[in-house]
Amino acid sequence: MKTRSALAAVALATASGAAFAHPGHESASFFTGFTHPLGGLDHLLAMLAVGLYAARQPGATRWMLPAGFVLAMLAGAGLGAIGVALPAVEAGIAASMLVFGLLIALAARLPLTVSLPLVAAFALFHGHAHHAEMGGASLVTYAAGFALATALLHGAGYAIARWMPETRVGNAIKRVAGLLVAGVGGAMLGA
């Protein structure tokens, strides 16, 4: 039953907003922070992909990658809040989907010393973009919203990956999902 609820939440989130843009955060709050990652296909797919990728990793890496993403994303929002600009934020977000998707498609298992900095670097771009959409709200409440939504999306990706059997068909489905995420990221990079 929990898997069905998670899948329903992901389906509703996918249909809830614009595909690539996130306008309209004039009065940002916890709620708008929470809905920001759900309202854009770029954030939604990248965050689900982190969970999918983490589920195929060994031991503590399974929780360290999503936790590292959330912490680095908050750091990226903090950088935006103090006026530190990151170059090519939208390209960084698109590249995150391309890379995460390829990691899933290739069933890659990078060492934690490589995968954690990689995930964290891409998370900085996501956090910076979240801050840019914040408007005049309190950073603390807005950030709490997008951090919770991100953690839930990571959890949904993880649950989907763990729910699928480790069979030839299940692994093929995961690889195709990775290719789809990578394809969207590649298309966004090319746009």
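Scanning all heavy atoms of the two residues, the minimum distance from Leu189 to Ala91 falls at CD2-O, 3.5 Å. Met97 and Ala46 get closest at one heavy-atom pair: CG-CB, 3.8 Å. Closest approach of Glu90 and Ala129 over heavy atoms only: OE2-CB, 4.4 Å. Annotation for Ala54 and Arg62: closest pair O-CG, 3.2 Å, computed over non-hydrogen atoms. Nearest heavy atom pair, residue Pro37 against residue Thr150, reads CG-OG1, 4.0 Å.
The CE atom of Met188 sits 9.0 Å away from atom CG of Leu45, with the distance rounded to the nearest 0.5 Å. Distance check: Leu52 CG to Leu103 CG gives 11.5 Å after rounding to the nearest 0.5 Å. Within the model, atoms CG of Leu153 and CG of Leu38 stand 5.5 Å from one another, a figure rounded to the nearest 0.5 Å. Interatomic distance, His130 NE2 to Phe125 CZ, rounded to the nearest 0.5 Å: 13.5 Å. In this structure, Leu71 CG and Leu124 CG are separated by 11.0 Å, a value rounded to the nearest 0.5 Å.
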Starting from the C-alpha separation in whole Å, work towards a yes-or-no answer on side chain to side chain contact (heavy atoms under 4.5 Å, CB included) for His154 and Val70.
CA-CA 9 Å; His154 292 332; Val70 172; 4.0 Å; yes
Working for side chain to side chain contact (heavy atoms under 4.5 Å, CB included), residues Thr32 and Phe146
CA-CA 8 Å; Thr32 55; Phe146 70 69; over 6 Å; no
Would Leu48 and Leu44 count as a side chain to side chain contact (heavy atoms under 4.5 Å, CB included) here? Give the steps.
CA-CA 6 Å; Leu48 285 169; Leu44 181 74; 4.2 Å; yes
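The aromatic rings of His43 and His36 stand perpendicular to each other, their planes meeting at an angle above 60°, with 30° marking the opposite boundary.
When Val114, Thr113, Leu112 are each tested for a side chain to side chain contact (heavy atoms under 4.5 Å, CB included) with Leu110, only one passes: Val114.
Neither Val89 nor Leu98 shares a network with the other; the hydrophobic side chains, linked directly or stepwise wherever heavy atoms of I, L, V, M, F, W or Y lie under 4.5 Å apart, form separate groups for each. In this structure, Trp63 is a member of the same hydrophobic cluster as Leu148, with clusters built from ILVMFWY side-chain heavy atoms closer than 4.5 Å. Under the 4.5 Å side-chain heavy-atom criterion for Ile, Leu, Val, Met, Phe, Trp and Tyr, Ile93 and Leu79 are members of the same hydrophobic cluster. Hydrophobic clustering keeps Val99 apart from Leu179 (ILVMFWY residues linked when any side-chain heavy atoms are closer than 4.5 Å, directly or through intermediates). Residues Val140 and Phe31 are members of separate hydrophobic clusters, defined by side-chain heavy-atom contacts under 4.5 angstrom among Ile, Leu, Val, Met, Phe, Trp and Tyr.
With a 4.5 Å cut-off on side-chain heavy atoms, Leu102 and Val181 do not count as touching. Met64 places none of its side-chain heavy atoms less than 4.5 Å from the side chain of Val119. Residues Val184 and Leu180 form no side-chain contact, since every pair of their non-hydrogen atoms from C-beta on lies 4.5 Å or further apart. A heavy-atom distance below 4.5 Å is found between the side chains of Asn171 and Arg56. The closest side-chain heavy-atom distance from Val50 to Tyr158 is not below 4.5 Å.
Between His126 and Phe69, a ring centre-to-centre spacing shorter than 6.0 Å is recorded.
For residues 165-191, the pairs satisfying salt bridge (Lys or Arg N to Asp or Glu O under 4.0 Å) are Glu166-Lys174, with sequence neighbours left out. The stretch residues 81-113 participates, sequence neighbours left out, in these ring-ring contact (aromatic ring centres under 6.0 Å, His included) pairs: Phe100-Phe122.
One N or O on the side chain of Gln57 and one on the backbone of Ala108 form a donor-acceptor pair closer than 3.5 Å.
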